[in-house]
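Have a look at the structure below, then the notes.
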Amino acid sequence: MPRMNYYAYGGLDRAAALRQREEWLEHTLMEPETRLVPIWRNRNLVAEGDEPKPVLLEPEAARALMDGKRHTALLGVRDGITYVALDVSDLDEEEAQRRIATAGPRANFVDLRAVGPLMVREEGSLLAYARGLMYWHLRHRFCGLCGHPTLAKKAGHVLKCSNPDCATEHFPRTDPAVIMLVEHEGKALLGRSPRFAEGMYSTLAGFVEPGESLEEAVAREVEEETGVKISDVRYHSSQPWPFPSSIMLGFYATAETTDITIDTEELADAQWFTKAEMRDFDGVSRRLPRPDSIARRLIEDWLAEDA
Ligand SMILES: [Zn+2]
């Protein structure tokens, strides 16, 4: 199997057939083989300790969190265990923490970006999936067409408008973004956004627009951000990136021009770097993107090409 990017498939059977049975989720929430994956306002529940580990609650322990109207959604099945996301965002922070303490574990709701790279891959991927799905739930509580509340169907994978005259079904959305390493005669084009950590340079990236192919989006983004024209767009790999709701589509491309004119709205700087220069990044004044990003993977694979 090819090497997976962080947050990609974690050995989970998404068990789409189970979503078709209307009362299935409710029963499953009481089964001892079920584990609940709590989410609070896009944060995942992670155990305190040296190694970040997700807290997965047994139904009995989760009871303190299950009262009232909670959003739940089937994530999938792995090794006989059914994983279900449980959103508790309506609780204020203190109440959410109090109930978690009642449920047992010493744990906190944290941003997955802070702990993801340190986690076992399958666990990070499960949390990313739960976070992405619950982000969509939180933002689709009302129908975008008629404004009535939505109701969860298909084990939390459809949100249906409660207005019988409308009854529109809303499906989970993922926003495609392209990310690309542009190369030219042994050098790669990296840029830094004013939002980046000090010294960090990364591959260029941007969202795909309606009516545009991925290849066109790659070429447009590179030219908009740096003025560089490219050709020969090659697909590399993809990565779910639920921060908040993207799928990153990674590419390599070849530059046809090399003069750089940066878009100062998007970038603070962009430069051509040789492989030797990149390997010499000191991690302080110059650093590569975070280890769990596809940007890092694109760069590492490129550096390894003729090493
Ligand atoms: Zn509606």
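Since the structure is predicted, the reported quantities are computational estimates derived from the model, not experimental observations. As the structure lists them, so they are numbered: ligands from 1, and atoms in each ligand from 1.
- Remark: side-chain polar atoms of Gln239 are paired, donor with acceptor, to backbone N or O of Asp292 under 3.5 angstrom.
- Sorted by first and then second residue, the ring-ring contact (aromatic ring centres under 6.0 Å, His included) pairs involving residues 177-226 (not counting sequence neighbours) are Tyr201-Phe273.
- Between Met180 and Glu221, some side-chain heavy-atom pair lies under the 4.5 Å cut-off.
- Asp111 contributes a side-chain N or O that, together with a main-chain N or O of Arg113, makes up a donor-acceptor pair within less than 3.5 Å.
- Shown here are the ring pair (Phe, Tyr, Trp, His ring centres under 6.0 Å) partners of His137, two or more places apart in sequence or in another chain: His71.
- In this structure, Thr72 has no side-chain hydrogen bond (donor to acceptor under 3.5 Å, both in side chains) partners at least two apart in sequence or on a different chain.
- Only protein N, O or S atoms were considered, and those under 2.8 Å from the Zn ion (ligand 1) are Cys143 SG, Cys146 SG, Cys161 SG, Cys166 SG.
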